[in-house]
Amino acid sequence: MRISVIYTGGTIGMVSSPNGLVPGADLQGWLEKLLAGTDLDGVAELTELPRLIDSSNATPADWQAILDAIKAEDADAFVILHGTDTMSYTAAALSYARVGAKEPVVITGSQLPLGAPGSDAGKNVMGALTAASSGKVGGVSLYFGDHLLAGNRTTKVSSWGFEGFASPVIPPLATAGGPWHWNSLEMGATAGNLPKEEIRRYARHDVTVVDLVPGITAQRLRALLTPAPEAVIIRAFGVGNCPSDEPGFVDVIKDLVSGGVPVVISSQCMQAEVVLGAYETGEVLAKVGCVGAADMTLEAVYAKLVFLLSQGLSASEIRDWMQKPICGEL
Ligand SMILES: NC(=O)C[C@H](N)C(=O)O
């Protein structure tokens with residue numbers, strides 16, 4: 001068994017600087033010490049990406065750099081060390097691009113740097129390596145705290161808690177313990193459907209997210225969405241409802257859709273199932289051609305739109321794909 005550990009940046013390998021935390025720790029030496037005398041001694045090999053970043057600086061080019069690094073390594077499994085801020089976006093992005101790949105990818109990071117007293121870094125890396133070498137999980141998963149989660153179902157729920165991530169609509173794939181408890185293996189499956197046989201590389205696309213608030217006006221919505229982006233995610237209320245009584249509000253969305261922009265309605269609820277016909281305030285959105293995000297997380301929706309746009313699909317193909325799963329994201 002050979003596990004390739006790829007460091008991309010993030011708090012886990014950061015050190016203090018006059019300007020706050022920045023990448024720079026001796027990860028190689030730390031990993032050797034962590035694994036010495038364990039079953040994983042000699043199994044894991046570390047690679048660092050040339051551009052180590054705080055994950056707040058990640059773009060789709062960084063998702064692609066991770067995919068390229070994975071491709072360049074000959075390993076049975078991969079552990080990606082990543083910043084927590086945008087880890088769920090990366091996990092979702094990797095999951096779409098790796099449909100059909102047989103080696104599991106487990107992404108992890110930490111709230112405190114590896115050298116900080118009481119750091120969660122060692123525990124998270126051990127957990128991720130344990131999951132990656134278990135033979136029980138496929139696809140892309142995320143290990144954090146005591147839980148292994150389906151990568152494209154996750155969201156960062158705490159900026160400080162050691163259980164910093166959750167998959168709000170499905171149970172964890174596994175809970176660490178003595179012994180680990182595993183749930184359904186299908187949720188981390190590699191199987192999936194791809195919109196194209198030949199998958200193109202991630203590129204940056206203009207996908208905009210708008211959060212609705214009580215009192216938002218049609219003028220403000222139009223201003224936010226002018227010029228028209230390539231795709232729009234509206235974070236609506238509850239099951240996908242909007243202020244439909246606001247004069248001109250739905251017209252702004254109607255104009256976007258008729259101009260060929262896919263508009264996806266997601267929910268501000270962390271645990272959501274978008275059903276656009278449930279209320280009149282959501283039905284108006286379905287009528288003008290919006291599609292609902294079902295139970296996908298914002299991160300899964302955003303990465304999916306960038307993925308589909310990167311494949312060069314048309315607006316109607318994108319709308320169709322938003323309503324069917326690529327690999328367990330809905
Ligand atoms: N805990 C972390 O890793 C946060 C850091 N800002 C990052 O996302 O890179």
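Only this structure's heavy atoms are used, side chains among them; waters, hydrogens and symmetry mates stay out. Read the numbers this way: they start at 1 and go in the same order the structure lists the ligands and their atoms. Note that the structure is predicted; figures quoted are calculated from it, not measured. Residues: numbered from 1 along the sequence shown.
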>> Quick check: is V22 connected to Y7 through a chain of hydrophobic side chains (ILVMFWY, heavy atoms under 4.5 Å apart)?
In response: no

> Under the 4.5 Å side-chain heavy-atom rule for ILVMFWY, direct or indirect, which residues accompany V263?
Replying inline: V210, L212, V213, I216, L221, L224, L225, V232, I234, F237, F249, V250, V252, I253, L256, V257, V261, I265, V274, L276, V284, L285, V288

Which atom pairs, nitrogen or oxygen on both sides, join ligand 1 and the protein at under 3.5 angstrom?
residue, atom, partner, partner atom, Å
ligand 1, 1 (N), T11, OG1, 2.9
ligand 1, 1 (N), T84, OG1, 2.7
ligand 1, 1 (N), S110, O, 2.9
ligand 1, 3 (O), T11, N, 3.1
ligand 1, 3 (O), T11, OG1, 3.0
ligand 1, 3 (O), T84, N, 2.9
ligand 1, 3 (O), T84, OG1, 3.4
ligand 1, 6 (N), D54, OD1, 3.0
ligand 1, 6 (N), D54, OD2, 2.9
ligand 1, 6 (N), D85, OD2, 2.7
ligand 1, 8 (O), S55, OG, 2.6
ligand 1, 8 (O), T84, N, 3.2
ligand 1, 8 (O), D85, N, 2.9
ligand 1, 8 (O), D85, OD2, 3.4
ligand 1, 9 (O), D54, OD1, 3.2
ligand 1, 9 (O), S55, N, 2.8

> Do V209 and W63 share a hydrophobic cluster, counting only Ile, Leu, Val, Met, Phe, Trp and Tyr and linking them when any side-chain heavy atoms are less than 4.5 Å apart?
Replying inline: yes

> So, are R153 and D295 salt-bridged, with charged N and O less than 4.0 Å apart?
Replying inline: yes

>> For a side-chain hydrogen bond (donor to acceptor under 3.5 Å, both in side chains) check, start with the C-alpha distance between D85 and S56, then their side-chain angles and the critical distance, and finish with the verdict.
In response: CA-CA 6 Å; D85 287 344; S56 298; 3.0 Å; yes

>> Angle between ring planes, W180 versus Y143, binned at 30° and 60°: parallel, tilted or perpendicular?
In response: parallel

